[in-house]
Asks: 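Just dropping this structure here.
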Amino acid sequence: MSTAGPSPSAQRCCLSVPASDERKVAKALGLDVDEIVFDLEDGVAPGRKAEARSILVSALSSQVGKTQPVAVRINQTGTQWCLEDVLACVAEPRISSIVVPKVESSSDVHFIDRLLDGAEAGASRQKPLKVQVLIESAQGLANLRKIAKASRRITSLILGYADLAASLGTRTPVQANTWLPAQHKLLTIARATGLNAIDGPYLLVDSGPQFLAHLQHAAALGFDGTWVIHPGQISTATTEYTPPPAEIARARRILSAMNEGHSRGVGAVSLDGQMLDEALAVSARRVLARSAATTDVGL
Ligand code: COA
Ligand code: MG
């Protein structure tokens with residue numbers, strides 16, 4: 001299958017919300033955030049999956065005003081809930097993507113892709129659902145390249161730390177650099193396949209210095225955004241993943257200097273005492289693309 005799927009949009013901050021909690025679902029739908037991820041999986045008790053689906057569908061169909069992108073984390077392929085989750089998402093036009101958890105191989109993605117093809121045709125759904133892949137096991141990491149290329153619906157790769165720690169046998173307390181190899185692998189594959197790289201949630205509800213350090217570390221590596229678990233974390237996360245005006249202005253100056261150089265027939269030019277070549281132009285274009293995606297969602 002081709003890897004040229006829909007172009008990724010802004011996912012600086014994605015708020016995870018248990019779909020079984022009516023109060024949190026209603027609260028989330030009133031918030032300014034790049035994406036809301038309603039959870040039907042591990043944030044919902046096994047006995048409440050059907051109820052969670054119906055709370056979600058009823059809240060979405062009666063929502064007025066805001067139109068934030070809505071994603072739904074379905075239950076893993078092979079569970080008794082996965083099929084009903086997929087059918088509920090296909091039937092609800094407010095939902096734009098599904099997050100598939102615990103993806104371990106490209107066949108997990110192929111299964112969801114074909115299921116969606118049939119369900120969308122049956123429901124005459126206008127806009128195909130996008131797929132976001134949650135990588136949270138040794139198998140998932142090992143097979144990541146094939147997974148990322150398994151469907152044109154895929155827009156994002158997300159790292160899930162809690163299950164990954166369990167799968168790898170990571171010991172607590174986790175050190176700051178413990179996740180670096182996994183982060184680097186996910187980021188590399190995301191860049192190689194044109195997908196968004198989304199950092200997993202910091203599992204404490206606070207939004208203090210430790211949270212900020214966690215965000216800054218992943219943003220500096222090059223991640224496009226992060227999941228958060230509490231409304232109090234949205235503004236800090238959104239700010240950390242938004243290119244500041246000075247960075248945007250500098251990117252514009254770099255591209256303008258490079259264009260001017262090309263018109264003179266040179267590939268390397270100097271700006272403010274720094275040598276510029278195509279490598280810096282690539283980074284500058286990425287900053288402008290991130291800024292444009294941000295404008296798209298009107299935040
Ligand atoms: N989405 C929407 N609203 C949320 C929220 C969330 N993720 N987390 C908290 N809130 C709301 C609460 O309902 C409360 O609203 P209220 O003042 O109108 O009652 C307010 O924000 C303050 O919440 P607080 O009391 O600080 O937290 P809590 O004890 O109610 O909830 C958690 C703490 C961790 C259970 C909650 O943040 C949560 O469920 N997070 C998401 C968990 C999840 O999705 N896990 C799976 C993916 S990792
Ligand atoms: Mg998980």
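In each ligand, atom 1 is the first atom listed, and ligand 1 is the first ligand listed.
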Asks: If every non-hydrogen atom of Ala119 is compared with every non-hydrogen atom of Val90, which pair is closest and at what distance?
Replies: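 Shortest heavy-atom contact: O-CG1, 3.6 Å.
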Asks: Arg73 near ligand 1, heavy-atom distance under 4.0 Å?
Replies: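 A heavy atom of Arg73 does come that close to ligand 1.
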Asks: Under a 4.0 Å heavy-atom limit, does Asp21 contact ligand 1 with its side chain, its backbone, both, or neither?
Replies: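 No part of Asp21 is near ligand 1 at this cut-off.
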Asks: Below 3.5 Å, N or O to N or O, backbone or side chain included: is there any such pair between Asp39 and ligand 1?
Replies: no
Asks: Under 4.0 Å, heavy atoms only, figure out whether ligand 1 is touched by the backbone of Val17, its side chain, both or neither.
Replies: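 Both the backbone and the side chain of Val17 come within reach of ligand 1.
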Asks: Distance to 0.1 Å, residue and atom name: give those for the protein heavy atom nearest to atom 44 (O) of ligand 1.
Replies: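 Going by distance alone, atom 44 (O) of ligand 1 is nearest to Ser16 OG, 2.5 Å.
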Asks: Parallel, tilted or perpendicular: which describes the rings of Tyr161 and Trp179, with under 30° parallel and over 60° perpendicular?
Replies: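 Tilted, since the angle between the ring planes falls between 30° and 60°.
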Asks: Do you know which of Leu31, Asp34, Ile229 makes side-chain contact (heavy atoms from CB on, under 4.5 Å) with Leu15?
Replies: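 So the option named by the test is Leu31.
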Asks: Return the minimal non-hydrogen interatomic distance between Ile198 and Ser156, and the atom names on each side.
Replies: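 Residues Ile198 and Ser156, closest heavy atoms: CG1-CB, 4.1 Å.
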Asks: Are any N, O or S atoms from Glu41 nearer to the Mg ion (ligand 2) than 2.8 Å?
Replies: no
Asks: Hey, are Ser16 and Arg73 close enough side-chain-wise for a donor-acceptor pair under 3.5 Å?
Replies: no
Asks: Report whether any nitrogen, oxygen or sulfur of Glu136 sits less than 2.8 Å from the Mg ion (ligand 2) (N, O or S, backbone or side chain).
Replies: yes
Asks: Please report which non-hydrogen protein atom sits nearest to atom 22 (C) of ligand 1, along with the residue it belongs to and the distance in Å to one decimal place.
Replies: His230 NE2, 3.7 Å
Asks: Take atom 13 (O) of ligand 1 and look for protein heavy atoms under 4.0 Å from it; say yes if you find one, no if not.
Replies: yes
Asks: Using a strict 4.0 Å cut-off to heavy atoms of Arg23, name the atoms of ligand 1 that fall inside it.
Replies: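 Heavy-atom distances to Arg23 below 4.0 Å select 16 (P), 18 (O), 19 (O).
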Asks: Heavy-atom distances under 4.0 Å decide this one: backbone, side chain, both or neither, for Lys27 against ligand 1?
Replies: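 Within the 4.0 Å criterion, Lys27 contacts ligand 1 through side-chain atoms alone.
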Asks: Examine the side chains of Gln76 and Glu104 and answer whether a donor and an acceptor come within less than 3.5 Å of each other.
Replies: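 There is no such pair between these side chains.
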Asks: Considering heavy atoms of the protein only, find what lies nearest to atom 34 (C) of ligand 1 and give residue, atom and distance to 0.1 Å.
Replies: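 Residue, atom and distance for the closest contact: Val205 CG1, 3.5 Å.
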Asks: Considering only non-hydrogen protein atoms, determine which one is nearest to atom 30 (O) of ligand 1 and report residue, atom name and distance to 0.1 Å.
Replies: Lys24 NZ, 3.1 Å
Asks: Do Ser20 and Glu51 have side-chain N/O donor and acceptor atoms under 3.5 Å apart?
Replies: no
Asks: Rounded to the nearest 0.5 Å, what's the gap from CG on Asn177 to CD on Gln183? Could you check?
Replies: 10.0 Å
Asks: For atom 39 (O) of ligand 1, which protein heavy atom lies nearest, and how many Å away is it?
Replies: Pro18 CG, 3.4 Å
Asks: Quick one: does Pro231 get an N or O within less than 3.5 Å of an N or O on ligand 1?
Replies: no
Asks: Checking contacts now, so for atom 26 (O) of ligand 1, which I'm interested in, is there any protein heavy atom under 4.0 Å?
Replies: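 Within 4.0 Å: yes, protein heavy atom nearby.
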Asks: Verify the distance criterion only: is there a donor paired with an acceptor across the side chains of Gln132 and Gln11 at less than 3.5 Å?
Replies: yes
Asks: What is the nearest protein non-hydrogen atom to atom 37 (O) of ligand 1, stated with its residue, atom name and distance?
Replies: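 Checking every protein heavy atom, the shortest distance to atom 37 (O) of ligand 1 gives Ile229 O, 3.2 Å.
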Asks: Assess the side chains of His214 and Asp199: does a donor N or O sit below 3.5 Å from an acceptor N or O?
Replies: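 A donor-acceptor contact under 3.5 Å links the two side chains.
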Asks: Any heavy atom of Asp42 sitting closer than 4.0 Å to ligand 1?
Replies: no
Asks: Among the N/O/S atoms of Asp163, select the one at the shortest distance from the Mg ion (ligand 2) and name it.
Replies: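 It is OD2, the N, O or S atom of Asp163 closest to the Mg ion (ligand 2).
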Asks: Looking only at non-hydrogen atoms, find the nearest pair between Pro243 and Ile248 and report the distance.
Replies: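 Between these two residues, the closest heavy atoms are O-CD1, 3.6 Å.
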Asks: Could you tell me whether the side chains of Gln233 and Ser207 share a donor-acceptor contact shorter than 3.5 Å?
Replies: no
Asks: What protein heavy atom sits nearest atom 48 (S) of ligand 1, and how far off is it?
Replies: Pro201 CG, 3.8 Å
